[in-house]
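Okay, so here's the structure we're looking at.
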Amino acid sequence: MRPFSYTQSPDVTTAVQEVSAQGAKFIAGGTNLLDLMKIDVMSPSHLVDITQLALNTIEETPDGGLRLGALAKNADTAYHELVQTRYPLLAHAILAGATAQLRNMATDGGNLLQRTRCYYFYDTHTPCNKREPGSGCSAIKGYNRDLAILGTSEHCIATHPSDMCVALAALEATVHVKSSQGERAIPFAEFHRLPGDTPHLDTNLHPTEIITAIELPAKGFAQHYAYLKLRDRASYAFALVSVAAALELEGDTVKEARIALGGVAHKPWRVPEAEALLQGKPASKENFRAVAEAYLAGAKGYGDNTFKIELAKRAIVRALEQAISMEGKS
Amino acid sequence: MNSENEPGNAVSQRPTLPDSRPVTLRVNGTTHHLQLAPWTSLLDALREHLHLTGTKKGCDHGQCGACTLLVDGKRINSCLTLAVMQQDKAITTVEGLAQGDELHPVQQAFIDHDAFQCGYCTPGQICSVIGLVNEGQAKTLDDIKDLMSGNVCRCGAYANIIQVAREALERNTGL
Amino acid sequence: MKENYTGAPANRVDGRAKVTGEAKYTAEFDIPEVAYGVVVNSSIAKGKIKRIDTSAALALPGVLQVFTHENRPGYTWLDSHYQDEDSPPGSPFRPLYSKEIMFSMQPIALVVAETFELARYAALLVQVDYEMQPHETDFKANLKDAYRPKKYKSTKPPEPRGDAEGAYDQAALKLKETYIHPPQHHNPMEMHAAIAKWDEDGKLTVYDKIQGVQNSQKYLSNAFGLKPDDVHVISPFVGGAFGSGLRPQYQLFLAVLAARELKRAVKVVLTRQQMFSFGHRPNTLQEISIGASTEGKLESVQHHAYGETSRFEDYHEDVVIWPGVLYHCDNMKVSHQLVGLDVYTPLDMRAPGGSTGIFALEIAIDEMAYKTGIDPLEFRLRNYTTTDQSKGLPHSSKELKECYRQGAERFGWDKRSMAPRSMKEGNQLIGWGMAHGAWEAKQQEASAKVVLSPEGKLTVSSATADIGTGTYTVMSQIAAETMGLPLENVTFLLGDSTLPKSPLEGGSWTVASVGSAVKLVCQKLQEDLLKLAQKMENSPFKDAQPEEVSFANGQMFLTQAPASSISLLALLQQNEGKPVEAEATQKPEKEQKKYSSYSHSATFVEVQVDEDLGTIKVTRVVSAIAAGRIINPKTGRSQILGGTVWGIGFALQEHTVMDNHLGRFMNHDLDKYHLPVNADTPATDIIFVEEKDEVVNPLGVKGLGEIGIVSVTPAIANAVFHATGKRIRELPITLDKLL
Ligand SMILES: Cc1cc2nc3c(=O)[nH]c(=O)nc-3n(C[C@H](O)[C@H](O)[C@H](O)COP(=O)(O)OP(=O)(O)OC[C@H]3O[C@@H](n4cnc5c(N)ncnc54)[C@H](O)[C@@H]3O)c2cc1C
Ligand code: SF4
Ligand code: FES
Ligand code: FES
């Protein structure tokens with residue numbers, strides 16, 4: 001870890017001012033930033049502690065949605081009564097991630113901005129375009145079991161590791177951000193980026209912007225949803241593949257389907273055209289499989305991770321089935 | 001080898017060495033005044049500065065749970081937070097659980113169930129069980145196992161740790 | 001009545017220290033003015049350091065020194081001076097010896113500074129230029145260059161018996177398959193650490209994470225040219241090791257070097273990432289051929305192993321002795337070859353060789369059982385052996401059949417249907433598998449000392465270790481029982497090089513070796529006490545022989561006339577207020593050489609495999625263990641529970657991944673190297689089967705540290721086959737292999 005200076009901001013205005021200094025960064029829960037600073041993958045020269053900002057509330061919005069303060073803890077969010085009852089998909093996704101300890105520390109804003117867990121990104125002794133643009137991507141020809149099969153580029157095949165974001169993508173949340181220039185709202189689908197030839201950029205958030213809140217629209221799909229996470233051990237592991245599935249049904253017919261995939265791309269992966277295939281169709285295994293095929297149509301494997309293509313298809317089918325049956329959920 | 005998507009990671013801006021500053025930590029009911037640089041983690045502040053070595057370091061990266069302690073009754077990984085960020089909060093470590101000679105019921109249960117071997121993960125496990133009780137979210141055996149999965153035990157004492165956690169939940173032995 | 005401490009469950013005597021945080025592990029000793037050392041490791045796997053620039057690091061105020069091969073002092077560099085008790089044949093790695101890079105993550109510099117954070121920062125500023133040379137780290141690609149070592153580190157593979165090839169050709173049923181497991185790293189929860197401090201009188205005090213303080217002591221005295229008596233190594237608590245502490249690791253050497261040069265105490269703690277920079281369980285490939293009759297009689301077994309090693313040492317473990325230990329078959333042929341790679345030397349890791357060889361053999365046997373259509377348990381019974389054919393010796397005791405019986409009954413094995421994929425609940429395929437295993441019961445020479453204070457407190461000591469195995473507790477039990485004293489009156493000391501000599505804590509031999517020495521030294525103490533009693537006036541013990549007296553409830557008495565007794569406290573008064581002391585060394589008895597001694601296990605496992613998704617869950621494990629006398633069923637059970645978790649990790653998760661382009665292990669942390677977590681824990685049932693063994697050692701114990709893991713891994717693999725019909729021969733069995 002390199003030296004840095006540190007200030008604690010009393011309010012948002014001060015925070016966004018302080019972060020505009022060169023090399024400055026916010027710190028919230030610290031669970032991702034400090035991890036990466038200790039191994040010199042990130043090395044801000046100034047940390048702006050935002051934990052004292054009044055951004056940790058969870059409140060209903062006038063149009064029936066829910067506003068999650070950026071500093072609300074992952075655990076507090078997942079166990080919040082309104083999240084549990086109206087957005088259980090989100091609660092399940094959050095609780096599938098990390099551990100009780102980490103969720104007690106991690107903030108909702110920080111969760112969106114956590115960086116990839118690519119092996120090479122984590123080891124400064126190896127080439128990595130995301131960490132050091134132009135140095136090359138070690139993963140493409142190296143070990144890539146955990147890495148992406150969709151939306152990759154020849155420069156980077158990293159995944160976004162969040163579980164929470166997969167649910168947020170399915171729920172079509174909006175990210176509210178603020179800087180000294182003003183405020184804006186970013187639709188979730190536009191928040192994270194694909195690697196393209198700028199793999200060092202994870203998101204479209206400007207470094208001087210602060211996330212103030214994440215807003216959930218009124219529709220929470222609390223009747224039919226599933227978050228399915230497949231991983232190499234039963235807990236405390238990132239997803240190989242995860243699926244957030246949300247359905248609105250009329251009898252046996254699908255009125256609306258939302259599917260987002262985690263662990264397969266540089267951002268939570270959605271294919272609205274494929275989701276539309278289900279619209280007005282019976283909720284049957286064949287139809288689910290057809291959607292799954294469409295979701296993975298452009299997938300590309302890199303060897304160690306090629307299995308994810310078939311796995312993701314099967315996971316989509318299973319998640320949709322679980323969303324229909326709602327087995328084991330209260 | 002290092003770079004970010006930031007306007008600058010300019011080393012010119014970087015302090016050569018971080019200034020140390022007064023940091024106040026409230027650990028097990030005692031207030032400690034320390035002089036610390038911001039780059040000191042809560043875990044290192046406890047172990048290296050306060051010589052409270054009951055809280056263990058097993059990875060320094062949030063990947064093992066050995067450093068688990070309680071802040072305002074909730075369990076966190078003390079390796080992934082800075083000491084300066086935890087000022088004036090009620091920090092409870094394994095050293096603060098027993099009342100004199102009398103062990104906290106969870107500590108006693110760890111002995112009675114032989115829920116450890118080498119003992120290195122144990123302080124973290126104990127704090128985690130107490131946090132589990134305080135948080136009140138575990139309803140089933142599977143919940144217990146999942147919510148205790150943030151504490152890796154390489155000796156593999158899990159089966160006995162589960163017994164301790166069940167008993168602690170039944171008897172509601174939190175903080 | 002005499003208190004039977006051994007055989008009864010007892011809480012750990014060090015339990016309180018461990019649950020309160022009072023137990024001090026290596027890095028936790030508070031040494032005033034200690035400086036912090038952080039290690040810099042190489043980026044490349046092979047080549048030379050062209051230039052190493054430490055100026056930026058040294059320029060930081062508070063950085064005391066950066067040690068590299070360029071400025072290290074000219075100590076002895078003879079190979080033999082770096083060998084330790086567990087060194088394989090070859091030339092041991094010598095930290096900072098030269099500019100040569102022999103493996104990725106090789107330690108190449110130690111930065112020492114006033115604080116940990118500063119040392120960690122300064123380590124980033126050390127600039128290194130390398131001259132790269134092509135490396136070879138690809139195990140499979142280098143199998144063609146496998147060789148037989150001139151000297152085997154462990155047992156030389158047994159000579160062939162009968163005509164294995166001929167019998168295989170003739171056999172009605174044949175199986176020839178290849179089994180592979182990847183490299184694995186020990187990853188004890190406590191990272192390796194050392195604190196070194198030079199005292200004013202030129203003596204060295206060292207705190208080291210090690211499984212044998214006297215191994216570190218010897219290593220340091222050789223490497224630094226010191227008298228052994230001037231090196232004091234202390235290690236009272238070890239936060240797990242599983243073999244990683246069998247050899248002194250580089251943090252020890254570096255801490256001592258820095259402390260000596262800086263004349264200041266230095267602490268070096270490795271990072272979790274650096275825990276992947278030294279020994280590991282080697283990548284191993286095994287070819288097994290089995291010929292059997294249609295009645296399920298083994299006609300031929302061939303077992304050929306290939307294990308990875310470094311370029312500088314020939315690491316080898318007992319992978320191929322197991323067919324001869326576990327089965328009766330008159331035609332056997334085995335071999336073990338090594339594949340040299342540009343990696344660090346592998347290192348014994350919990351059940352070395354056994355977990356490797358038995359996993360492969362026991363899957364192969366299951367496969368053969370299926371070829372014959374005979375129940376896998378019945379198949380093993382048909383090929384049962386009461387002798388160890390590889391040594392040509394009878395087993396000193398072997399209750400494996402009883403393990404089968406009790407384990408199968410508890411598990412409900414008789415309800416199993418043979419056909420794969422025959423049990424299902426919803427999407428979950430259910431599989432039942434079994435395997436058996438063995439681990440050698442060895443005894444080493446060990447010494448112990450005992451002091452009985454005038455207050456009747458007994459202090460027993462030996463320079464052994466407690467890595468979580470329960471040494472403190474078990475030794476206290478043995479001493480308390482032998483002396484007829486309450487457990488609370490006994491203290492056992494270990495982990496200090498000044499204590500009586502003890503072997504490394506490994507190989508599951510600690511109770512057998514040190515425990516036997518403790519028993520012997522207590523018996524010696526009893527003789528001394530008898531002599532004291534005989535000096536008393538009108539002593540009823542005047543003509544008593546040592547074997548005629550007993551000790552219980554703090555009393556000494558004539559076994560035949562218990563009324564003739566004297567309390568130990570009264571006896572001690574005879575000694576003018578001085579403690580009574582004794583020291584003894586216990587060597588293995590010659591009689592043992594006439595037998596082969598193993599502990600045995602039979603493990604039954606249930607798994608659930610998701611039919612579509614391939615996710616595997618071990619839901620139920622029953623392990624029946626025959627391991628001689630169990631001194632403490634409570635801590636003993638914990639050993640087996642731990643072994644079970646290890647078996648799960650071995651079968652399903654553990655895998656250190658080598659990137660062959662970079663020659664580097666890439667998943668070098670606990671996020672990416674998976675160890676089982678709490679949620680992976682199955683319902684586990686442990687049975688200790690009664691087993692009497694009068695030969696194996698004076699205590700009749702066989703050790704529990706390793707037997708708990710060996711049969712779990714293959715039983716899981718066999719259960720996965722039973723669930724899915726898929727035979728996975730390359731570990732770990734991850735979901736992608738079942739899609
Ligand atoms: C071992 C381990 C396992 C994990 N497993 C999982 C898992 O399975 N699933 C999962 O989803 N996650 C997992 N996590 C990740 C965890 O969820 C994230 O680290 C956490 O959500 C980050 O939140 P934070 O508040 O700690 O962020 P910080 O570390 O404080 O910050 C992360 C980044 O976000 C920026 N930032 C934070 N808040 C704001 C804001 N309001 N506005 C602008 N920028 C901001 C910071 O500058 C920094 O760049 C795991 C983490 C660890 C260490
Ligand atoms: S996949 Fe991306 S993050 Fe991983 S090595 Fe390649 S460039 Fe770096
Ligand atoms: S030391 Fe903090 S989680 Fe491992
Ligand atoms: S008791 Fe050793 S790691 Fe848990």
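Keep in mind the model is a prediction, meaning the values are calculated, not measured. Reminder, nothing fancy here: chain letters follow the sequence lines and each chain counts from 1.
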Over all atoms of both residues, closest heavy-atom pair of [X] and [Y]:
X	Y	result
B:Trp39	C:Tyr121	CZ3-CB, 3.7 Å
B:Asn160	C:Arg637	OD1-NH1, 3.2 Å
B:His51	C:Asp30	CE1-OD1, 3.2 Å
C:Gly15	B:Ile111	C-CD1, 3.8 Å
B:Cys118	C:Gly239	SG-C, 3.4 Å

Do any N or O atoms from the side chain of [X] and from the backbone of [Y] form a donor-acceptor pair under 3.5 angstrom?
X	Y	result
B:Gln107	C:Val19	yes
B:Tyr158	C:Pro676	yes
C:Lys18	B:Phe116	no
B:Ser149	C:Val677	no

Exercise. Name the region of B:Ala159, side chain, backbone, both or neither, that has any atom closer than 4.5 Å to a heavy atom of chain C.
Key: both

Practice problem: Identify which part of B:Asp101 has an atom lying under 4.5 Å from any heavy atom of chain C, answering side chain, backbone, both or neither. | Solution: both

How far does [atom1] of [X] sit from [atom2] of [Y], to the nearest 0.5 angstrom?
X	Y	atom1	atom2	result
C:Asn11	B:Gln108	CG	CD	7.5 Å
C:Arg16	B:Phe110	CZ	CZ	16.0 Å
B:Asp114	C:Asn632	CG	CG	7.5 Å
B:Cys155	C:Phe242	SG	CZ	4.0 Å
B:Asp112	C:Arg12	CG	CZ	13.0 Å
C:Gln273	B:Cys59	CD	SG	8.5 Å

Could you check if a side-chain atom of [X] sits within less than 4.5 angstrom of a side-chain atom of [Y], using non-hydrogen atoms only?
X	Y	result
C:Met189	B:Thr122	no
C:Thr20	B:Glu95	no
C:Pro61	B:Leu17	yes
B:Lys57	C:Glu190	no
B:His61	C:Asp671	no
C:Asn678	B:Ile161	yes

Self-check item: Trace of the side chain to side chain donor-acceptor pair (under 3.5 Å) decision for B:Thr53 with C:Lys24
Solution: CA-CA 8 Å; B:Thr53 53; C:Lys24 287 231 177 290; 3.2 Å; yes

Quiz item: Passes side chain to side chain donor-acceptor pair (under 3.5 Å), B:Gln117 versus C:Thr469? Steps please.
Solution: CA-CA 6 Å; B:Gln117 291 162 43; C:Thr469 40; over 6 Å; no

Quiz item: Which one, B:Ile162, B:Leu97, B:Asp146, leads in non-hydrogen pairs under 4.5 Å with chain C?
Solution: B:Ile162

Quiz item: For C:Thr271, is it the side chain, the backbone, both, or neither that has a heavy atom closer than 4.5 Å to a heavy atom of chain B?
Solution: neither

Quiz item: Given a strict heavy-atom distance threshold of 4.5 Å, which part of C:Phe237 is in contact with chain B: side chain, backbone, both, or neither?
Solution: neither

Quiz item: Should the pair B:Arg154 and C:Trp646 be classed as cation-pi, given the thresholds of under 6.0 Å to the six-membered ring centre and 45° from the axis?
Solution: yes

